[in-house]
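In listed order, ligands and their atoms are each counted from 1. Because the structure is predicted, anything quoted here is derived from the model rather than measured.
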Amino acid sequence: MIQLHPIPAFQDNYLWLLHDGAQALVVDPGDAAPVLAFLAQHQLQLQAILLTHHHADHTGGVAELRAATGAAVYAPAAETLPASVGQVQALADGDRVALLGLEFEFFSVPGHTAGHGAYLAAQAPGGPLLFCGDTLFSAGCGRLFEGTAAQMLASLDRLAALPDETRVCCAHEYTLSNLRFAQAVEPGNADVEQHLAHCSALRERGLPTLPSTLAQERRINPFLRSREPAVIRAIAQHDPQAVDEIARFAALREWKNAFR
Ligand code: ZN
Ligand code: FE
């Protein structure tokens, strides 16, 4: 039986850990301590570390975890990683890796960073599993630090084409603030309203709002809905200069950057 756990770290990161009762892998361990504690508590051997991008809150724990466990590290070939990460197995778009008896496909999804990647275990029991780092958040997407709006839109389009039941494992608990923005963009979207109530209740009990599903994200995420008539109208009111789909997506991202 494969089990999935979001290990909370820092303010709002999740270090996603997958295990089969003996072997484990962890995605984007920005901090080693909570991962080592989890491994010890559940008597697990860390087999692999998967990295989506170079930011410190996703890579800061790699050196210590690797020293403690000898785990192999997989990362996008197109990312420039901090030196502390050391040698990695570099992955390009379409590469496949077998871990915990599952096959993971690597997707290149630039936008947040220049070489950002995502990992899909399409045959995972319980439905496909997607580890998407800071590219796709529930009801949101990552900021454009290194990539362009065109790249991010193309990356999100690829992820959005995955099956409905795909479990979306994002690296941050940003859902509530993202849903408030989604509400401002689409005040008439009842799914956003409903999901906000659901997620508020979860957060009040200290529970994660993740994983989400792609079916859910297609209903509530303005960044997957930038071609919906209601979203096009909202963007046009906010920025009348945005006249094509890339300019509209860029305007939506800018709107979110300034939204409080
Ligand atoms: Zn990041
Ligand atoms: Fe991050």
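Protein N/O/S atoms found under 2.8 Å from the Fe ion (ligand 2), listed by chain and residue number: Asp57 OD2, His58 NE2, Asp134 OD2, His172 NE2. The Zn ion (ligand 1) has His53 NE2, His55 ND1, His112 NE2, Asp134 OD2 as protein N, O or S atoms under 2.8 Å away.
Among the candidates His55, His58, His172, the single residue satisfying the ring-ring contact (aromatic ring centres under 6.0 Å, His included) test with His112 is His55. For the ring-ring contact (aromatic ring centres under 6.0 Å, His included) test with Tyr119, the passing option among Phe104, Phe107, Phe131, Phe106 is Phe106; the others fail.
Screening residues 75-92 for side-chain hydrogen bond (donor to acceptor under 3.5 Å, both in side chains), with sequence neighbours left out, gives Glu79-Thr113.
Between Leu210 and Pro6, every side-chain heavy-atom pair lies at or beyond the 4.5 Å cut-off. Here the side chains of Ile232 and Arg248 are in contact, with some heavy-atom distance below 4.5 Å.
With sequence neighbours left out, Arg158 forms a salt bridge (Lys or Arg N to Asp or Glu O under 4.0 Å) with Asp93.
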Original post:
Can you list the steps and then say if Arg225 with Asn221 is a side-chain hydrogen bond (donor to acceptor under 3.5 Å, both in side chains)?
Top reply: CA-CA 6 Å; Arg225 297 172 59 78; Asn221 192 323; over 6 Å; no
**OP:** Check the pair Glu173, Tyr14 against side-chain hydrogen bond (donor to acceptor under 3.5 Å, both in side chains), reporting the backbone distance first and the verdict last.
**Re:** CA-CA 7 Å; Glu173 179 61 69; Tyr14 290 126; 2.5 Å; yes
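Arg180 contributes no side-chain N or O that, together with a main-chain N or O of Ala184, makes up a donor-acceptor pair within less than 3.5 Å.
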